[in-house]
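Beneath this line is the structure, given in structure tokens, with notes to follow.
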Amino acid sequence: MPFHAATSNMAALLRSARLLKLSPSGLLQIAGTSRNGPPLARLFSGGLGGTRTGGCSRFISPSAENVASSCMWPHAMGCIRGYALVTERKDEASVAVQSKQAKQFDWALAKLDNSVRRTGRITKTLLLRIFHDICRAGYPSGNQALLLLRSCGSLLPEVPLEKRTELAHRMWEKLQELGVQFDVSHYNALLKVYLQNEFRFSPTDFLAKMEAANVQPNRVTYQRLIAAYCQNGDIEGASTILGFMKSKDMPITEAVFNALVTGHARAGDMESSKNILSVMQAAGIEPGPDTYVSLLTAYAEKGDMENLKKTLEEAESADCSLMDRDIMQIIFTLAKARHQQYVPEMIERLKQDRGYVPDAMNLCLSLITQGQEDIAFQILRNFPTLQPDGVTTDSPNLGNFFLRHCVNMDMAVEKIGHYCKELQESKLHSEPLVFSLYCALETKKTGMSLELMKIMEEQGLPLRPHYFWPLLTHHLKNNNSAGVLEVIKGMQDLNVSPDNETLTNYTIPVFSSTEAALQAIKDAGINLQSATLLSFEVHSSALHNLPKFYTILSDPSFPSMEHSSFRGSLIQGFRKSDDVETMVKITELLYTDKRFSNENSTPAEGAGFFLYHLIDSMSEHEVQAQEEKLRTFFKQLQTQNIIISGNIYRGIRNLLQSYHIPELIKDVVTLTDSKSRLLDGSAGSNVSGIEVKLQVLEKKLAELKAANKPLTAILKQTIQAHCVEENLHRALELKQQHEEEMTVGGYAILINTCCQHNNVEEALNLKRELSRKDSSLLLDASKYIALVKMLARNDRVEEAVDILKEMKEKGVVLNDTHAIMLFHTLNALVAKGGIPVVQRLQDTIFTLGLAKPSANLCSPLITAYLESKDLPGALEAALECQKRYNHMPRIHDILVGLVEKEDTELLQKAMDFMSQERGEMNMLYDLYFAFLHTGRYREARKIIETPGLRARPGRLQWYAEKCIFAKKMEALEQMVDMTAKLFECDRDEMYSYLLRLCKETNNWEKAEAVWTKMQEENVIPRERTLRMLADILKNNGQEVPFEVPETWYENAATTQQVKSSATATAAQSVTEYQTRLLALCKKGKAKEAYELFRRADRKGVMLLPACYDHLIRVLLAEGAIEDAMAVKDTAVSHVPSFQLSNNAANLLIISHSKKGQTKDALEKLHSMLQADHVPSRLAITRIVQALGSKGDVAGIQEVETLMKGLGTTLNLSSMVFINNMALAHIRKGDVESAVELLEPVFTSPDSTNSSISFVFRKILEEKNDQALDKLSAMAERLANHFACYRPVSDLFIQLLDMDKFEDAKFMLARCNAVAEQKDALISFVAQKSQRPGQVGKVKALLGLIPDFAEKEVLNTYLMKCHVLDKDLASAKALHEQLQKEGMVLDELSLKRLAGLYRDAGETVPFNEPPESFKFYAEKLKEKFGKAQTTAEQ
């Protein structure tokens, strides 16, 4: 429904709205607050990080509502922002389909975001590509439609304004045809595009269209309609809307006043335009930079430089310093209004702040698009030149974008040549003509290309034959022989002779034969050189006539020619020919004749490389098809005594192995000499078994002692058990009784327990005893740290220092866990020992090099100063840490304290130091957060509006998380508002922080205001943001004002039945039927949608093909194959060309497979492939599983063959076919064949870490004991004979997963190496920890393998299980147990445990880690490395 079509009736809104007359003296009486708040004294008068003072500077283009400029150039950064890709686990067909739409949206956003970040704009080609991809995939979402529409405005500076609007209309109509339900945000986006593209439309008609679509306008709609009236100078129309807004108590924002400034100016009333600023102040709104820019562009349109300069001075005096982008907008307005004489003066005002170049590039592009290329060139000449740094030697290429756009706009070649000359003479571009030619060739502009080449020839620049290939390719695709000859003639006119590749690849194919081509060239008066003809004849015969090729090369008069020059053509000829005899003769010629080798190699080496390249050029399928030909070829080469080197043989062997054709290797190996032949070998691996399982029983200890047997290990375990039970006295008695049997481990346990009980003397005595036994013995690092903590806590600091020195002397190594223990040790001493103790220990740790200095380890010292209220000392300590260790701990807390005390001297000192050490941008962010935290929002705004400041997502997230955690709504809201114009700021992410806090505080009114603000700012929300907002509104009984993104298909168990009245109303038109049908489909209400379809069919209503396809898909997702096929038959009867979409075809295969209808599924697969459609991985997996369940081995082999010939990869594991083929054999009772199929997978030298968990799971579920016995025997045989433990690990894990703990225990006893397969076991635990109720299986694993090597990892997952189960008691017990054992719980687990405490209403008894869950998860992931592998599907 195009909006440019006029309608006859005015919307009811404007019919009933009363007029409001405006006057310069008193426009409005509006209650409001000042934009910047009441004036506050600055904390200090100096500029921040520079010489500027009090600058209210900004870094992006004026507000979207500011329409003073006649064209809203160059780009709106807020339209596009980075999107985090979030993937969820899906395991059914419906879920796979529903996720595709979200993935496409994320892909589109990523592509657009990447373009905007690199260039500040997007191209029409990219936008159209995304548009077509989204439409081709099926039913576009509302979010996708919003993204497309918003991209049709100022983000396309290279597209003329009218073309942008046409594109927007085309997209609107197509999206509406595909069933997108437009809401108010889509209409607002279209309005924004109209304003940016200066499209003249009737606001009245626009409102009427909204009214007809039953979409209610909101404040943003009215604001933009006012801007539209003002853009045309229609103050009366703007007043009408303004009056209506006032009657509805809608706030009148700065953006409305900015529009009125433009409106009065366009109406010719500059006095009223200027007076708007006074009206704003009277209404309590301070004019901001956007307002001044609106007034400045108004003066620029009039060419009134006197008032323009005066207004610039007023803006500066009002603390509203303008950015480069604002000046650029004035320049653009001057140029477009034909006041070019004033442009140089404004160019001089450009300060070239950070970010200047991308903005200036977009200004140039917009000027060129508007026909103002000379002004654009002036801007280009003003670009900052990059000075060589002594390392980079790249030639200058400033102006590539300028030249490309000139070419795309079909500018006169003479003018392009003039610009190229200027750029080269100014040393701004090394080869501007060459680049311009490249752009012309890329866009297939034959005439322009030849004219540019002529200029290059005149300037003595070299011309190459390949310059003409793009032009020839264009004609070749269109089979245009005349065009090809024209280009070849142009080559001759430019004294460029066509080389062999030009003739062979780009000229000959357009003619019927080689002879016809040569004759046509001759008839066209084109003379080819003899060398060119000879080379062409060699290549042509190599491709098509091998005997002729051999005759030519074997002629003694043939000149020398390296075989690499014709190798490619000859290889193609070999691959196509079956004349093995001639192939051998040619290879022998290359092997013996020096004419075809280079100076650095022998003919034999050249021939060997040729053979390697021949095999390398062939695909796996091609080698398999030509296996016999190649075998004959290699055998005949051997008879000719041709020998290849060992390196060449190894290369060919590796290729053949990768192609799965090892049989050919024995034929290749005969071509090597005896010294080069390789011998295959194998290496076994000795994997030690697990240690004996110890029993913690004193009875066993007594028995061993009575039998005079070794009891060292049992003694240690017994002591450990007593220590865990806090029975220190008994543990010490055992030590006394069996002192001769005591080991380091036993002493370590006792020392650690003494430290926990603060038993200083006993701990030191034990340590001395250990030293007397053997002074070289080492304690674990954690035990040493426990001693240090205990000694320091008891004011024995020097002894603690001695312990640290002993650690250094004995070479005790500390890891990350120990570093965390040191942090907690130092932190615990803050209150007890104070600054001197912490300082002494910290200096000792770092001086000895026991731990690497980090912000975490440095922070306890700063905490000690802060606790004692010593801010100067804290600052000095932090600065010293930065100087010595390059860390500045707790600087935020220090700055907050300084700001609160208004200590400007120390604050300035901190800023100067931080700017020098960490960079100005980091310093500004630190200061910004300190101002925010203390409520000094005016100062914070000045900081964040510093020119050149860019968004730092990590830093913004850090402060947002702090606000959310502390429920500081005001500070967070201020940060979101202030960062609206921050360069590269992800606006959706910022608003999502606000909505998260709204959700936690259940503040739906604030959430609704956030949604309105997002529309005003033109933010494209992610689906997760919309869902969050919808949840807040729904939970509070409020209406959701937009289409809620939801999953397409819901599980049958959770799908709610729609009320019978929902579909009772009969559809009045085709459009209504289609809209309602698509809505039901999208909600997964297949039954209701099908009933609506039947009613429409009975009434003879013919729907769009897309509607039929959506209905078929939702029916198939619920398994209703018959109903889906009935819909298909109806669709074909109405639209004979109707075919199932790719998604629907995949769903049909899945549905047939689930119902066991493998024959139908196979038929559909064949039809998909014949239609050149690519099946999904899920569809192939389901059909193969169905065939396996039926015992259809041949069917699985057929599918595997089809997939190999597909030509593209679906990322299908080969084990999908092997596992299901094995199951098929088992179903048929042929277990031996299954074993024969599976065993080579693991005994092959090229075997990977394949899994057969799927097979074990199926036979365990079916209780097939015969198959289980044979397969488990195979698994144990592979483990014992081949050291291959994956199969036995798979079986062990499946037994655990199915609660067969006794069977798992027996398996572990038979093959104890399973306990050492930590990757597989950790993967199992990781998988179980994703769902509640699985803690029993994790504990069972720990019970079977108590001495598992990766205890720390398992404890992390065990804690996660307790948290998922909300089992605080078990989580507490685990934490306490780990503390007693001297183990430190990782920070992620501590944060989870803290949340569990809070949920239970209990106080958290430890210091909760301050960072986010994501931060600690990433940290833990890095630490564990690859321990957590992906579980088998």
Gap between atom [atom2] of [Y] and atom [atom1] of [X] - 0.5 Å precision:
| X | Y | atom1 | atom2 | value |
| --- | --- | --- | --- | --- |
| Leu167 | Cys152 | CG | SG | 4.0 Å |
| Gln370 | Lys336 | CD | NZ | 4.5 Å |
| Lys248 | Met245 | NZ | CE | 12.5 Å |
| Gln340 | Leu367 | CD | CG | 10.0 Å |
| Asp324 | Leu363 | CG | CG | 11.0 Å |
| Asn307 | Leu296 | CG | CG | 10.5 Å |

Got [X] and [Y] here, is their nearest side-chain heavy-atom distance under 4.5 Å?
| X | Y | answer |
| --- | --- | --- |
| Ser151 | Leu156 | no |
| Met346 | Met305 | yes |
| Gln281 | Leu277 | no |

Where is the tightest heavy-atom contact between [X] and [Y], given as atom of each residue plus distance?
| X | Y | result |
| --- | --- | --- |
| Ala267 | Ile235 | CB-CG1, 4.3 Å |
| Arg150 | Pro1021 | NH1-CD, 4.5 Å |
| Glu1039 | Leu1033 | O-CD1, 4.0 Å |
| Leu295 | Ser273 | CD1-OG, 3.8 Å |
| Asn258 | Ser294 | CB-OG, 3.6 Å |
| Ile252 | Ile285 | O-CD1, 3.5 Å |

Donor-acceptor pair, distance only, cut-off 3.5 Å: does the side chain of [X] make one with the backbone of [Y]?
| X | Y | value |
| --- | --- | --- |
| Asp326 | Leu322 | no |
| Glu316 | Glu314 | no |
| His186 | Ala145 | no |
| Asp183 | Ser185 | yes |
| Asp205 | Phe201 | no |
| Arg987 | Val976 | yes |
| Asp269 | His264 | no |
| Gln196 | Ser154 | yes |
| Thr333 | Ala300 | no |

Inset, instruction - Verify whether the ring centers belonging to Phe182 and Trp172 lie closer than 6.0 Å. - result: yes

Under-4.0 Å salt bridge between [X] and [Y]:
| X | Y | answer |
| --- | --- | --- |
| Asp304 | Lys309 | no |
| Lys981 | Asp290 | yes |
| Asp234 | Arg266 | no |
| Glu177 | Lys174 | yes |
| Glu158 | Arg121 | yes |

Inset, instruction - Taking side chain to side chain donor-acceptor pair (under 3.5 Å) as the test, write out the residues that go with Asn218, two or more places apart. - result: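 Counting only residues at least two positions away or on another chain, Asn218 forms a side chain to side chain donor-acceptor pair (under 3.5 Å) with Asn188, Thr221, Gln1015.
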
Inset, instruction - With sequence neighbours excluded, tell me which residues meet ring-ring contact (aromatic ring centres under 6.0 Å, His included) with Tyr342. - result: none

Legend entry - side-chain hydrogen bond (donor to acceptor under 3.5 Å, both in side chains) assessment of Glu236 paired with Tyr229: CA-CA 8 Å; Glu236 185 175 354; Tyr229 276 121; over 6 Å; no

Inset, instruction - Tell me, please, which residues at least two apart from Lys1006 pass salt bridge (charged side-chain N to carboxylate O under 4.0 Å, His left out). - result: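 Only Glu973 meet the salt bridge (charged side-chain N to carboxylate O under 4.0 Å, His left out) criterion with Lys1006.
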
Inset, instruction - Could you tell me whether the side chains of Thr297 and Gln329 share a donor-acceptor contact shorter than 3.5 Å? - result: no

Inset, instruction - Check whether more than 12 heavy atoms from other residues, nucleotides or ligands sit under 6.0 Å from atom NZ of Lys302, and answer yes or no. - result: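 Yes, enclosed.
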
Legend entry - Heavy-atom neighbours of Glu306 CD exceed 12 at 6.0 Å: no

Inset, instruction - Could you walk me through whether Gln231 and Thr262 pass side-chain hydrogen bond (donor to acceptor under 3.5 Å, both in side chains), step by step? - result: CA-CA 7 Å; Gln231 199 174 59; Thr262 301; over 6 Å; no

Inset, instruction - Let me see the working for Arg941 and Glu945 under salt bridge (Lys or Arg N to Asp or Glu O under 4.0 Å), right down to the final yes or no. - result: CA-CA 6 Å; Arg941 183 179 292 277; Glu945 291 179 349; 3.7 Å; yes

Inset, instruction - Using the six-membered ring wherever Trp is involved, compare the ring planes of Tyr194 and Phe199 and label them parallel, tilted or perpendicular (cut-offs 30° and 60°). - result: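 Ring orientation, 0 to 90° scale: tilted.
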
